Amino acid sequence: MRESLWLFPAIETVHLLGMAALAGTVAVLDFRLLGWMLRQKRFSELAKRLLPWAWAGFAVQVITGTLLFSSEAVKVYSNPAFRLKMLLILLAGVHAMIFHWTVYRGVAAWDDSVAPPLGAKVSGLLSILLWIGVVAAGRFIGFV
């Protein structure tokens, strides 16, 4: 990949498209949890429609991220921004599991509510902050 003029930028472009799909869908869900948008929509319906796109974006991220990492593994592995990005992705995944095991189990009670419960709002805020951190740390990889 290092010897190709176009392969690395092409894979990086696809990585960015995957990031847009993942971050965009997660942001919509988080903003709904916070009660900032689409308040008339049921959260469960939004999740049903958007989570497949989020998972597709995540799959693209994993595949292209692995390819990008493999092209400069030694250099990138020691980069503190890369390590922070990986930690934040792990934390975002753990957070999503905890959300689904706790707050989302009771979605039937607040699904139609314009103002979700405090737990849902806290979860949405934490999620959006974690994913902003992932994107920011990813941007910093090339500069640290």
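Keep in mind that the numbers below use all heavy atoms, side chains included, and drop hydrogens, waters and symmetry copies. These numbers come from a predicted model, not from an experiment.
Within the structure, side-chain hydrogen bond (donor to acceptor under 3.5 Å, both in side chains) pairs that include any residue of residues 133-144 do not occur (at least two apart or interchain). Here salt bridge (Lys or Arg N to Asp or Glu O under 4.0 Å) pairs that include residues 42-61, with residues two or more places apart or in two chains, are Arg42-Asp111, Arg42-Asp112, Glu45-Arg49. Every pair tested for salt bridge (Lys or Arg N to Asp or Glu O under 4.0 Å) that includes a residue from residues 74-90 fails, sequence neighbours excluded, so the list is empty. Pairs passing the ring-ring contact (aromatic ring centres under 6.0 Å, His included) check and including a residue from residues 110-144, sequence neighbours excluded, read Phe43-Trp110.
Ser123 contributes no side-chain N or O that, together with a main-chain N or O of Gly119, makes up a donor-acceptor pair within less than 3.5 Å. Under a 3.5 Å cut-off, the side chain of Arg32 and the backbone N or O of Lys41 do form a donor-acceptor pair.
Side-chain contact check for Leu38 versus Leu46: some heavy-atom pair is nearer than 4.5 Å. When side chains are defined from C-beta on, Leu51 does not count as touching Thr25, because their heavy atoms never get closer than 4.5 Å.
Val76 and Val62 end up in the same hydrophobic cluster when Ile, Leu, Val, Met, Phe, Trp and Tyr side chains are linked at under 4.5 Å. Leu125 is connected to Val28 through a chain of hydrophobic side-chain contacts under 4.5 Å among Ile, Leu, Val, Met, Phe, Trp and Tyr, so both are in one cluster. In this structure, Val60 is not a member of the same hydrophobic cluster as Val26, with clusters built from ILVMFWY side-chain heavy atoms closer than 4.5 Å. Residue Ile132 is grouped with residue Leu50 when hydrophobic side chains (ILVMFWY) are merged at heavy-atom distances under 4.5 angstrom, including chains of intermediate members.
Listed by chain and residue number, nothing satisfies the ring pair (Phe, Tyr, Trp, His ring centres under 6.0 Å) test with His95 (two or more places apart in sequence, or in another chain). For Leu16, the side chain to side chain contact (heavy atoms under 4.5 Å, CB included) criterion is met by Met19, not counting sequence neighbours. Evaluation of the side chain to side chain contact (heavy atoms under 4.5 Å, CB included) rule for Val122 yields Leu118 as partners, not counting sequence neighbours. For Ser127, the side chain to side chain donor-acceptor pair (under 3.5 Å) criterion is met by Asp30, not counting sequence neighbours. The ring pair (Phe, Tyr, Trp, His ring centres under 6.0 Å) check on Trp36 picks up Phe31, with sequence neighbours excluded. Residues passing the side chain to side chain contact (heavy atoms under 4.5 Å, CB included) test with Leu87, sequence neighbours excluded: Leu91.
Taken to the nearest 0.5 Å, the OH atom of Tyr77 stands 8.0 Å off from the CZ atom of Phe69. Between the CG atom of Leu68 and the CG atom of Leu7 there is a distance of 9.0 Å, given to the nearest 0.5 Å. Distance CG/Leu130 to CG/Leu88: 6.0 Å, rounded to 0.5 Å. Atom CD1 in Ile141 sits 9.0 Å away from atom CG in Leu84 (nearest 0.5 Å). Taking OH of Tyr104 as the reference point, atom CG of Leu33 lies at 10.0 Å (rounded to 0.5 Å). Taken from CH2 in Trp55 to CD in Gln61, the straight-line distance is 13.0 Å, to the nearest 0.5 Å.
When every heavy atom of Ser71 is checked against every heavy atom of Phe8, the shortest pair comes out as OG-CE1, 3.4 Å. The shortest non-hydrogen separation linking Pro52 to Ala47 is CD-O, 4.1 Å. Minimum heavy-atom separation, Pro116 to Ala120: CB-CB, 3.8 Å. Gly57 and Ala21 make their closest contact through CA-CB, 4.0 Å (heavy atoms, listed as atom of the first residue, atom of the second, distance). Residue Thr102 comes nearest to Ile98 through the heavy atom pair OG1-O, 2.6 Å, listed as atom of the first residue, atom of the second, then distance.
Other residues sharing the hydrophobic cluster of Val74, ordered by chain and number and joined by side-chain separations under 4.5 Å: none, the residue standing alone. Residue Met97 belongs to a hydrophobic cluster whose other members are Trp101, with links defined by side-chain heavy atoms closer than 4.5 Å.
Under a cut-off of 6.0 angstrom, the local environment of CZ in Phe58 is sparse, with at most 12 non-hydrogen atoms contributed by other residues, nucleotides or ligands.
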